[in-house]
Engineer: 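Mind having a look at this structure? Questions to follow.
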Amino acid sequence: QVQLVESGGGLVQPGESLKVSCAASGGTFSRYGMGWFRQAPGKDRDFVAFIPWSLGATYYADSVKGRFTISRDNAKSTVYLEMNSLKPEDTAVYYCAATNRGGLSRRPGEYEYWGQGTQVTVSS
């Protein structure tokens, strides 16, 4: 059983940056592909970014490509999402998730473990 705990959310102004973290425990972190999703009020939970267990190529939703960067530190069992040039439409609860599938996973149903989420609000 893997437990995931997100942190680092908050209120920022448009154009600013924020880095959220997700600490894992209870499993072998390095074996899991890790994803970030976000959910705004009244909307579906959407894919944001993915990093495989093997530290290979990363993947991003088109809406965040070039602004967000996903990374992981297997020694610290932590995955990060660095968000730059934030926009009001990035406002959402951000969730990290873990999957033991072998490749890119974009759908929430492909993930076995989820964190509780951290709120990111972009507003002036």
Side-chain angles (χ1 to χ4, degrees):
Q1 190 80 6
V2 176
Q3 292 82 43
L4 303 172
V5 179
E6 300 95 336
S7 61
L11 172 63
V12 297
Q13 296 189 349
E16 292 187 339
S17 299
L18 194 65
K19 188 174 184 178
V20 292
S21 303
C22 172
S25 62
T28 305
F29 178 74
S30 60
R31 293 181 180 176
Y32 289 91
M34 298 298 297
W36 283 98
F37 289 76
R38 65 186 182 185
Q39 188 167 21
K43 296 190 175 181
D44 293 335
R45 189 168 296 188
D46 292 332
F47 170 79
V48 174
F50 173 82
I51 186 166
W53 67 271
S54 61
L55 299 179
T58 53
Y59 301 89
Y60 299 91
D62 288 343
S63 59
V64 307
K65 201 171 295 182
R67 300 188 297 123
F68 289 14
T69 302
I70 187 172
S71 61
R72 66 189 294 163
D73 185 337
N74 286 343
K76 295 182 178 180
S77 297
T78 301
V79 62
Y80 306 95
L81 184 69
E82 184 167 5
M83 302 178 286
N84 298 315
S85 302
L86 282 161
K87 306 174 181 179
E89 51 263 44
D90 294 318
T91 295
V93 176
Y94 283 71
Y95 298 90
C96 70
T99 178
N100 59 17
R101 288 170 53 91
L104 170 62
S105 297
R106 292 180 178 268
R107 293 177 293 182
E110 295 175 331
Y111 290 79
E112 289 78 34
Y113 304 104
W114 291 85
Q116 84 289 346
T118 185
Q119 177 70 46
V120 173
T121 303
V122 185
S123 175
S124 56

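Residue indices begin at 1 and follow the sequence shown.
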Engineer: How many angstroms lie between atom CG of Asn100 and atom OG1 of Thr28, to the nearest 0.5 angstrom?
Structural biologist: 11.5 Å
Engineer: NZ/Lys76 to CZ/Phe29 distance, rounded to the nearest 0.5 angstrom?
Structural biologist: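 The NZ atom of Lys76 sits 12.0 Å away from the CZ atom of Phe29.
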Engineer: Using side-chain heavy atoms (C-beta onward) and a distance below 4.5 Å, is Ser77 in contact with Ser25?
Structural biologist: no
Engineer: So Lys65 and Asp62, salt bridge (Lys or Arg N to Asp or Glu O under 4.0 Å) or not? Walk me through it.
Structural biologist: CA-CA 5 Å; Lys65 201 171 295 182; Asp62 288 343; 3.1 Å; yes
Engineer: Please state whether the rings of Phe37 and Phe47 are parallel, tilted or perpendicular, taking 30° and 60° as the class boundaries.
Structural biologist: perpendicular
Engineer: Work out which heavy atom in Ser85 is nearest to a heavy atom in Ser17; give both atom names and the distance.
Structural biologist: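 For Ser85 versus Ser17, the nearest heavy atoms are N-OG, 4.3 Å.
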Engineer: Give the intermediate values and the outcome of side-chain contact (heavy atoms from CB on, under 4.5 Å) for residues Tyr94 and Cys22.
Structural biologist: CA-CA 10 Å; Tyr94 283 71; Cys22 172; over 6 Å; no
Engineer: Can you confirm whether Arg107 is buried at CZ, in the sense that more than 12 heavy atoms of other residues, nucleotides or ligands lie under 6.0 Å from that atom?
Structural biologist: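 It does not: Arg107 CZ has 12 such atoms or fewer within range.
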Engineer: Would you say the side-chain atoms of Asp73 pair up with the backbone N or O of Ala75, donor to acceptor, closer than 3.5 Å?
Structural biologist: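 Yes.
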Engineer: When you measure from the side chain of Thr118 to the backbone N and O of Glu6, does any donor-acceptor pair fall under 3.5 Å?
Structural biologist: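 No, the answer is negative, given that no donor and acceptor are paired below the 3.5 Å cut-off.
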Engineer: Mind listing the closest non-hydrogen atom pair of Trp114 and Pro108 along with its distance?
Structural biologist: CZ2-O, 3.5 Å
Engineer: Quick one: CZ on Phe50 to OG1 on Thr99, what's the gap to the nearest 0.5 Å?
Structural biologist: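 Nearest 0.5 Å value for the CZ-OG1 distance: 6.5 Å.
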Engineer: So, do Met83 and Val64 sit near enough that their side-chain heavy atoms are less than 4.5 Å apart?
Structural biologist: no
Engineer: Taking the side chain as C-beta and beyond, is there a heavy-atom pair between Ser123 and Leu11 under 4.5 Å?
Structural biologist: yes
Engineer: In Å, rounded to the nearest 0.5 Å, how long is the span from CG of Leu4 to CD of Gln116?
Structural biologist: 9.0 Å
Engineer: Which heavy atom in Pro52 sits nearest to a heavy atom in Ala57, and how many Å separate them?
Structural biologist: CD-O, 3.1 Å
Engineer: Identify the heavy atoms of Ser21 and Thr78 that sit nearest to each other, and give their distance.
Structural biologist: CB-CG2, 4.2 Å
Engineer: With under 30° as parallel and over 60° as perpendicular, where do the rings of Tyr32 and Tyr113 fit, or are they tilted in between?
Structural biologist: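 Tyr32 and Tyr113: perpendicular rings.
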Engineer: Using every non-hydrogen atom in the two residues, find where Ala24 and Val2 come nearest and quote the distance to one decimal.
Structural biologist: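 That would be CB-CG1, 4.4 Å.
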Engineer: What's the spacing between Ser71 OG and Lys19 NZ if we round to 0.5 Å?
Structural biologist: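 If I round to the nearest 0.5 Å, the distance is 5.0 Å.
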Engineer: Measuring from Asn84:CG to Arg67:CZ, what's the distance to the nearest 0.5 Å?
Structural biologist: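 That separation rounds to 9.0 Å.
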Engineer: Would a hydrophobic clustering, with Ile, Leu, Val, Met, Phe, Trp and Tyr connected at side-chain separations under 4.5 Å, put Val48 with Leu104?
Structural biologist: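 Not linked; separate clusters.
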Engineer: What about Val122 and Leu81, same hydrophobic cluster or not, with Ile/Leu/Val/Met/Phe/Trp/Tyr joined at side-chain heavy-atom distances under 4.5 Å?
Structural biologist: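 Looking at the clustering, Leu81 is in the same group as Val122.
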Engineer: Is Tyr60 reachable from Tyr95 through a run of hydrophobic residues whose side-chain heavy atoms are each under 4.5 Å from the next?
Structural biologist: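 Hydrophobic grouping puts Tyr95 apart from Tyr60.
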Engineer: Do Tyr111 side-chain atoms and Gly33 backbone N/O form a donor-acceptor pair below 3.5 Å?
Structural biologist: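 Looks like no, no N/O pair under 3.5 Å.
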Engineer: Is the backbone of Ala92 close enough, under 3.5 Å, to the side chain of Gln39 for a donor and an acceptor to pair up by distance?
Structural biologist: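 No; judged by distance alone, with no hydrogens or angles, the pair does not exist.
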Engineer: Looking at Gln119 and Thr91, what are the two nearest heavy atoms and their distance?
Structural biologist: NE2-CG2, 4.0 Å
Engineer: Flag yes if Leu18 and Val93 sit in one hydrophobic cluster, no otherwise; membership is Ile, Leu, Val, Met, Phe, Trp, Tyr, and two members link when side-chain heavy atoms are under 4.5 Å apart.
Structural biologist: no
Engineer: Hey, are the side chains of Ile51 and Met34 touching, using non-hydrogen atoms and a 4.5 Å cut-off?
Structural biologist: yes
